[in-house]
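Here's the structure, in structure tokens; my notes come after.
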Amino acid sequence: SLYPRKRVKEAKMIAGIGCVAWSETVPFFSTSKSTTFPVLSAFRRHSLSIPFVSSSPNLVMSPTEPLTLNPLQLSPLFDYHRLDQQLLRTIAYDALVWCSLHGLLVADKSVKNSGSVPGVGLVHAPVALLPTPFTENQWSEATELAPIFNELVDRVSLDATFLQQALSRTKKADEFTARLLDIHSKMLQIDKKEEIRLGLHRSDYMLDEKTKSLLQIELNTIASSFAGLSNLVTELHRYILSRHGKLLGLDSKRIPANNAVNQYAEALAKAWSEYNNPRAVIMIVVQTEERNMYDQHFVSAVLREKHNITTIRKTLAEVDQEGEILPDGTLSVNGQAISVIYFRAGYTPVDYPSESEWRARLLMEQSSAIKCPSISYHLVGTKKIQQELAKPGVLERFLESKDDIAKLRKCFAGLWCLDDSNVVRKAIERPELFVMKPQREGGGNNIYGDDVRKTLLELQQAGSQEEGAYILMQRIFPSVSASILMRNGCCHKDRVISELGVFGTYLRNKNRVIMNKQSGYLMRTKMSSSDEGGVAAGFAVLDSPYLT
């Protein structure tokens, strides 16, 4: 073993005295080749002899044969699959303890009420055991784009004509987008102005292996999650490297600082202050069942402890039942004045099972409360608007700086609507080069591979307006790395690809910009064989970049 005997003995002692239940066998690591990480092996008391396995049949696991590295991985240090197995098991144990002690947790979906009752059915969040290499130049590029995208979202949101016209075909084909546009139209009819505008955004990117370019996947303007947990993942990986970095040959300082949870809380607190009602509270709109509730609670905790601001949690149905607008425009929910509405729900049709939820959304929009996001900001984040903004000459409608426009355009991947017959023909001929995207958020909605061809042919044969519900996007092929993924106490070796999300915070009161900055990051890593990439949806794990 490359690891000191003293630490191995210490870990064994901890395993023995950790809890009474460990006198039995405790599920810990997987020996299955399944991508769903089923537990088929056990961690016995006083034992660190835990097998690791790869789900990739072609992945070389022999310690005498190196894994082939791509150009991004400048050092064999990142060939994590060839690290000493005893060392990896000890690091995994340390990581699981750290996650448990520091709240890097989600609700276990197999446990009843875990998504609604805090403290019930806790399990560590899915994470990469060690950080993933990421080039420093592209990292800097991504962070520099955040304030530009923040400003772009605000300016596009003010152009009601552009939003309505750009989404007019989508409205005919997609009922969910149509309902959002109806609320937007009603706000225009009553001349509702959002003088204080708050945006908590996240722009997601991948590094294209062929062109070495940083390309944008999407821009999220509603319920941009993991500001709380991503903050902890950074701390976890820095902790691991502070303890084991010398043996790994890695420096914890190469993991960039991540203060996302404090930045998000600061933006919400400043918006609360601008509303200027010290008795008002911040309302977080949540789903009925939320496995990722602790990510949200971290933001609430910072607001309470650092800014002395109270938050309440309400579902859309509860807002409908308990909410009213007072004569002065104040939104009151169960007798409490609301200053800021922070949406962590309302981004998917599933969140609107009845008219009650739609009434709540309209009620909130009509009130004087600061919405994060407003209906306009929400619409700016749709896939169709992303595609429209990528058209030649459109950015110039909203931004004056040629440098800013060039930076944005550089990160745009190919984006097309389905009325472009040449592109549709190419997508039918070579579907593996495209991704078909509906107007949906939350992961698990995109169409890949041969399903792209099938869907396009079906839409052509139907001759309906349903094609307006989709856009086509260039498929990005990022660099592949070696990683060790941890989910439900199981470690799993695989080849992976990563996606970097950069958080941005924006607050404006009339003509005064109070905040506009990059505010931390989220890295998600998934098996290279997986198309989708949502952590909450079960496709990916949380990760950190190691700058190279």
Side-chain angles (χ1 to χ4, degrees), residues 27-30 35-37 39 43 50 52-55 78 80-81 83 87-109 121-134 204 225-245 248 250 252 254-258 260-261 291-295 298 443 481-501 520-528 530 532-546:
F28 204 71
F29 287 91
S30 170
T35 59
T36 55
F37 310 108
V39 177
F43 181 88
I50 305 160
F52 283 72
V53 71
S54 167
S55 70
F78 298 116
Y80 295 145
H81 293 175
L83 291 173
L87 172 60
L88 287 177
R89 292 184 187 105
T90 305
I91 294 174
Y93 182 82
D94 286 350
L96 289 172
V97 171
W98 194 98
C99 289
S100 302
L101 295 179
H102 293 82
L104 184 45
L105 305 166
V106 294
D108 186 344
K109 63 181 178 182
L122 303 178
V123 64
H124 73 89
V127 295
L129 183 60
L130 294 164
T132 298
F134 198 91
D204 296 333
S225 60
F226 290 115
L229 294 194
S230 67
N231 208 86
L232 289 175
V233 175
T234 300
E235 293 181 28
L236 167 66
H237 284 148
R238 284 185 161 189
Y239 165 79
I240 289 173
L241 296 194
S242 70
R243 289 179 66 85
H244 308 286
L248 297 170
L250 300 175
S252 63
R254 299 304 297 170
I255 301 175
N258 191 359
V261 67
R291 292 187 63 221
N292 195 28
M293 71 166 78
Y294 304 104
D295 178 61
F298 274 114
S481 305
S483 187
I484 300 164
L485 313 180
M486 294 182 62
R487 187 188 295 276
N488 296 328
C490 303
C491 272
H492 181 81
K493 290 183 176 180
D494 215 313
R495 295 179 185 270
V496 299
I497 55 177
S498 297
E499 182 175 322
L500 176 68
Y521 62 86
L522 162 70
M523 178 167 267
R524 289 168 294 177
T525 290
K526 62 181 181 179
M527 289 175 288
S528 57
S530 173
E532 293 290 353
V535 175
F539 301 106
V541 302
L542 300 172
D543 201 353
S544 300
Y546 187 96

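Note that this is a predicted model, so its numbers are computed, not measured. Each residue takes its place number in the sequence, starting with 1.
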Start with the C-alpha gap between Thr234 and Tyr521, add the side-chain angles, then the distance that decides, and say whether side chain to side chain donor-acceptor pair (under 3.5 Å) holds. CA-CA 9 Å; Thr234 300; Tyr521 62 86; 3.0 Å; yes
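- When side chains are defined from C-beta on, Pro131 counts as touching Leu241, because their heavy atoms get closer than 4.5 Å.
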Between Asn292 and Leu229, does a side chain to side chain contact (heavy atoms under 4.5 Å, CB included) hold up when you go through it step by step? CA-CA 9 Å; Asn292 195 28; Leu229 294 194; 3.5 Å; yes
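- Of the possible donor and acceptor atoms, none in the side chain of Tyr546 sits under 3.5 Å from a partner among the backbone N and O of Phe78.
- Side-chain atoms of His81 come within 3.5 Å of backbone N or O of Ser483 as a donor-acceptor pair.
- Shortest non-hydrogen contact noted between Leu88 and Leu129 is O-CD2, 4.0 Å.
- Using a 4.5 Å heavy-atom threshold, the side chains of Leu248 and Ile91 count as touching.
- Remark: Asp494 CG to Thr525 OG1 distance equals 11.5 Å, nearest 0.5 Å.
- Note: Arg243 CZ to Ser252 OG = 13.0 Å, rounded to the nearest 0.5 Å.
- A donor-acceptor pair is defined here as one N or O able to donate and one able to accept, closer than 3.5 Å; no such pair exists between the side chain of Arg254 and the backbone of Pro545.
- Summarising the geometry of Gly228 relative to Asp295, their closest heavy-atom pair is N-OD1, 2.7 Å, with the distance given to 0.1 Å.
- Not one N or O on the side chain of Asp543 forms a donor-acceptor pair closer than 3.5 Å with the backbone of Met523.
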What donor-acceptor contacts under 3.5 angstrom involve side-chain atoms of residues 96-107, with partners at least two apart or in another chain?
{"from": "Ser100", "atom 1": "OG", "to": "Leu96", "atom 2": "O", "distance (Å)": "2.9"}
{"from": "His102", "atom 1": "ND1", "to": "Trp98", "atom 2": "O", "distance (Å)": "2.9"}

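- Rounded to the nearest 0.5 angstrom, Leu542 CG and Leu232 CG are separated by 9.5 Å.
- Listed here is the closest heavy atom pair of Ala257 and Arg238: N-NH2, 3.2 Å.
- Minimum interatomic distance between Ala227 and Ala260 (heavy atoms only, all atoms of both residues): O-CB, 3.6 Å.
- Between atom CD of residue Glu499 and atom OG1 of residue Thr132 there is a gap of 13.0 Å, rounded to the nearest 0.5 Å.
- Closest heavy-atom contact between Ser544 and Ile255: CB-CG2, 4.0 Å.
- Side-chain contact between Leu122 and Tyr294 is present, with at least one heavy-atom pair separated by less than 4.5 Å.
- Judged by distance alone, the side chain of Asn258 and the main-chain N or O of Gly520 form no donor-acceptor pair under 3.5 Å.
- Shown here for His244 and Leu87, the closest heavy-atom pair between the two residues is ND1-CD1, 4.3 Å.
- Remark: Leu250 CG to Ile240 CD1 distance equals 11.0 Å, nearest 0.5 Å.
- Summarising the geometry, atom CZ belonging to Arg524 is positioned 4.5 Å from atom CG belonging to Asp204; distances are rounded to the nearest 0.5 Å.
- Within the 3.5 Å criterion, the main-chain N or O of Ala95 finds no donor-acceptor partner in the side chain of His124.
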